[in-house]
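Before any comments, here is the structure.
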Amino acid sequence: MVKYGLDYTRCRWILPLLLGIGVIFGIIALAGRGWLESQTLPYVQQASLWQNCRRPAQGGEWSCESLMGYAWGRAAAATYLVGFLLLVICFALAIIAFAIDTLRFNFIRGIGGLLFVAAVFSVMGLVIYPVKFSSEIEMTGINMFSWAYGFGWTTAIMEICLGFFFCCLPNYEDQILGNVKPTYFYSSP
């Protein structure tokens, strides 16, 4: 990839592939039930972005309540979902941008800007959730924000990093397309 840049056929799909991985991580975060879990015995609490489940003892039945009954629950879910939808739109636009034979660099910079907006929405949802959850819902025992919450943060970090990459990529348009003569620092005697 260093030698050929994004003009090399196999390497130009790295950015859409990374966006696709971000979409998969976002799906895992949205569907996962491990946003908050009990860390030690007895395992009596488990929460997702959508609901909070408890059980009275180790062998008891889980009873779940929706977090959509709380204003902050709806806000956290809505902002994270908007960030995820913007990520999916960026993924589709990246596939279109990189499928065209001549790269449209102004189009790529727009995808980077949209990724930053998606990251802002995702981070807002990821911050609202733990702050309001821990202050408004009674928790028993030692609890931890778990794997699905971690996938949510991974998605947000990928949105920020890929946003920088998409925004900075047009600055090197001539080098990527091979329009610049290489500079050699070695001269023969």
Side-chain angles (χ1 to χ4, degrees), residues 1-36 48-50 67-68 72-131 145-183:
M1 181 172 168
V2 172
K3 182 177 178 184
Y4 296 104
L6 289 176
D7 193 40
Y8 191 52
T9 309
R10 287 181 286 185
C11 293
R12 74 184 309 159
W13 291 104
I14 289 175
L15 290 176
L17 176 70
L18 289 172
L19 280 173
I21 292 170
V23 168
I24 291 169
F25 286 173
I27 291 170
I28 292 170
L30 284 170
R33 292 185 55 124
W35 278 56
L36 181 124
S48 69
L49 182 60
W50 312 103
L67 294 179
M68 298 302 110
W72 61 265
R74 291 189 301 272
T79 54
Y80 190 79
L81 195 58
V82 166
F84 175 73
L85 291 176
L86 289 174
L87 177 65
V88 171
I89 290 169
C90 288
F91 176 62
L93 291 175
I95 288 177
I96 292 168
F98 285 97
I100 299 171
D101 288 334
T102 58
L103 290 172
R104 305 280 187 243
F105 283 95
N106 55 352
F107 191 51
I108 291 174
R109 188 167 277 156
I111 293 170
L114 198 57
L115 278 169
F116 282 125
V117 173
V120 167
F121 277 105
S122 296
V123 168
M124 282 178 13
L126 290 166
V127 169
I128 290 170
Y129 183 84
V131 169
F145 291 97
S146 191
W147 59 272
Y149 186 68
F151 273 107
W153 274 108
T154 304
T155 302
I157 291 169
M158 286 182 75
E159 289 168 346
I160 293 168
C161 295
L162 287 170
F164 276 116
F165 197 74
F166 271 90
C167 284
C168 293
L169 190 62
N171 295 339
Y172 303 99
E173 178 178 2
D174 291 332
Q175 288 87 352
I176 291 170
L177 296 177
N179 297 334
V180 175
K181 282 186 165 182
T183 304

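The basis for the numbers below is simple: all heavy atoms, side chains too, and nothing from hydrogens, waters or symmetry mates.
In this structure, the separation between OG1 on T154 and CD on E159 is 11.0 Å, given to the nearest 0.5 Å. Rounding to the nearest 0.5 angstrom, the gap separating the CD1 atom in I96 from the CZ atom in F107 is 5.5 Å. Taking CZ from F91 and CG from L15, the interatomic distance works out to 12.0 Å, rounded to the nearest 0.5 Å. How far CG of L86 is from CG of L81: 10.0 Å, rounded to the nearest 0.5 Å. Atom CD1 in I14 sits 11.5 Å away from atom CG in L162 (nearest 0.5 Å).
Under the 3.5 Å distance criterion, the side-chain polar atoms of R33 are left unmatched by any main-chain donor or acceptor of S48. Within the 3.5 Å criterion, the main-chain N or O of L30 finds a donor-acceptor partner in the side chain of W50.
A 4.5 Å side-chain heavy-atom check between F166 and L19 finds at least one atom pair inside the cut-off. Counting only heavy atoms from C-beta outward, the side chains of Y80 and Y129 never approach each other to under 4.5 Å. Within the 4.5 Å cutoff, the side chain of L93 has heavy atoms near those of the L114 side chain. The side-chain heavy atoms of I28 and W147, taken from C-beta on, include a pair separated by under 4.5 Å. Looking at F151 and I27, their side chains never come closer than 4.5 Å, going by heavy atoms from C-beta outward.
Between G83 and S122, the closest heavy-atom pair is CA-OG, 3.7 Å. Annotation for M68 and R74: closest pair O-NH1, 2.7 Å, computed over non-hydrogen atoms. Closest heavy-atom contact between T155 and L87: CG2-CD2, 3.7 Å. Of all heavy-atom pairs between G152 and L126, the closest is O-CD1, 3.4 Å. For the pair W72 and I128, the tightest heavy-atom approach, listed with the atom from each and the gap, is O-CG2, 3.7 Å. F116 and I160 make their closest contact through CE2-O, 3.7 Å (heavy atoms, listed as atom of the first residue, atom of the second, distance).
Using the six-membered ring where Trp is involved, Y149 and W153 have ring planes that are perpendicular, over 60° apart on the 30 and 60° scheme.
Legend: residues meeting side chain to side chain contact (heavy atoms under 4.5 Å, CB included) with A148, ordered by chain and number and at least two apart, are W35.
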- Could you walk me through whether F121 and F84 pass the ring pair (Phe, Tyr, Trp, His ring centres under 6.0 Å) check? CA-CA 8 Å; F121 277 105; F84 175 73; over 10 Å; no
